[in-house]
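Note that this is a predicted model, so its numbers are computed, not measured. We count residues from 1, following the sequence as given. When reading the values below, keep in mind they use all heavy atoms of this one structure, side chains included, and skip hydrogens, waters and symmetry mates.
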Amino acid sequence: MNNSNSLFFQTEVDNIRFTKQQQWNTIYYTLIASAGIITLALSLKSLTLSTEVFSFLLIISNTVIMSLGIYYIWHYQWSLAKYRCRKNI
């Protein structure tokens with residue numbers, strides 16, 4: 001393997017490593033945000049004006065956070081597949 005192929009291979013490996021790290025960070029932050037919303041719901045349960053409205057807002061916000069997390073994880077997975085395909089050429 002000449003120097004240019006070695007450099008290309010190392011760049012692709014670094015891209016894969018970075019994307020995988022970003023994927024794990026997204027999972028961690030999504031779970032932390034979801035746990036924060038649940039903790040907020042439990043701690044503010046007695047202070048709400050309307051339990052139904054508050055519950056609805058928490059469900060919607062948790063759904064949005066989880067949807068964004070799933071989207072970004074899917075995007076990183078797609079990027080990983082693209083990098084791995086390029087690396088194997």
Side-chain angles (χ1 to χ4, degrees):
M1 198 181 319
N2 63 20
N3 194 19
S4 112
N5 286 343
S6 176
L7 182 62
F8 175 75
F9 181 78
Q10 186 60 39
T11 303
E12 291 303 314
V13 169
D14 289 342
N15 285 338
I16 291 171
R17 186 176 295 129
F18 174 76
T19 304
K20 197 63 177 173
Q21 183 63 41
Q22 289 297 102
Q23 192 176 31
W24 280 110
N25 285 341
T26 301
I27 291 170
Y28 295 147
Y29 293 141
T30 302
L31 291 176
I32 287 171
S34 183
I37 287 175
I38 291 170
T39 303
L40 182 67
L42 293 176
S43 65
L44 297 177
K45 191 182 345 184
S46 63
L47 300 176
T48 61
L49 299 173
S50 173
T51 307
E52 293 83 19
V53 172
F54 186 67
S55 297
F56 178 74
L57 290 175
L58 289 176
I59 290 170
I60 293 296
S61 61
N62 208 9
T63 303
V64 168
I65 288 172
M66 288 297 186
S67 297
L68 285 173
I70 289 170
Y71 168 75
Y72 281 113
I73 291 167
W74 173 82
H75 176 74
Y76 291 134
Q77 191 64 32
W78 179 79
S79 295
L80 281 171
K82 185 175 69 171
Y83 291 141
R84 287 177 178 149
C85 182
R86 255 194 324 206
K87 182 185 69 119
N88 292 331
I89 291 179

Once you round to the nearest 0.5 Å, how far does [atom1] of [X] lie from [atom2] of [Y]?
{"X": "Thr19", "Y": "Lys82", "atom1": "OG1", "atom2": "NZ", "result": "8.5 Å"}
{"X": "Gln10", "Y": "Asn15", "atom1": "CD", "atom2": "CG", "result": "10.0 Å"}
{"X": "Thr11", "Y": "Tyr83", "atom1": "OG1", "atom2": "OH", "result": "11.0 Å"}
{"X": "Ile70", "Y": "Ile27", "atom1": "CD1", "atom2": "CD1", "result": "10.5 Å"}
{"X": "Phe18", "Y": "Asn25", "atom1": "CZ", "atom2": "CG", "result": "9.0 Å"}

I'd like to know if the side chain of Thr26 and the backbone of Gln22 have a donor-acceptor N/O pair within less than 3.5 Å.
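Answer holds: yes.
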Scanning both residues in full, the closest heavy-atom pair of Gly69 with Thr30 reads CA-OG1, 3.5 Å
Residue pair Gln23 / Ile73: nearest heavy atoms and the distance that separates them:
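Smallest heavy-atom distance, with atoms named: NE2-O, 3.5 Å.
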Verify same cluster id: Leu40, Ile65 (apolar side-chain graph, 4.5 Å)
yes
Do Val64 and Ile37 share a hydrophobic cluster, counting only Ile, Leu, Val, Met, Phe, Trp and Tyr and linking them when any side-chain heavy atoms are less than 4.5 Å apart?
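Result: no, two separate clusters.
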How about Leu58 and Asn62: do any of their side-chain heavy atoms sit closer than 4.5 Å?
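They are not in side-chain contact.
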Parallel, tilted or perpendicular: ring planes of Trp74 versus Tyr71, cut at 30 and 60 degrees:
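Trp74 and Tyr71: tilted rings.
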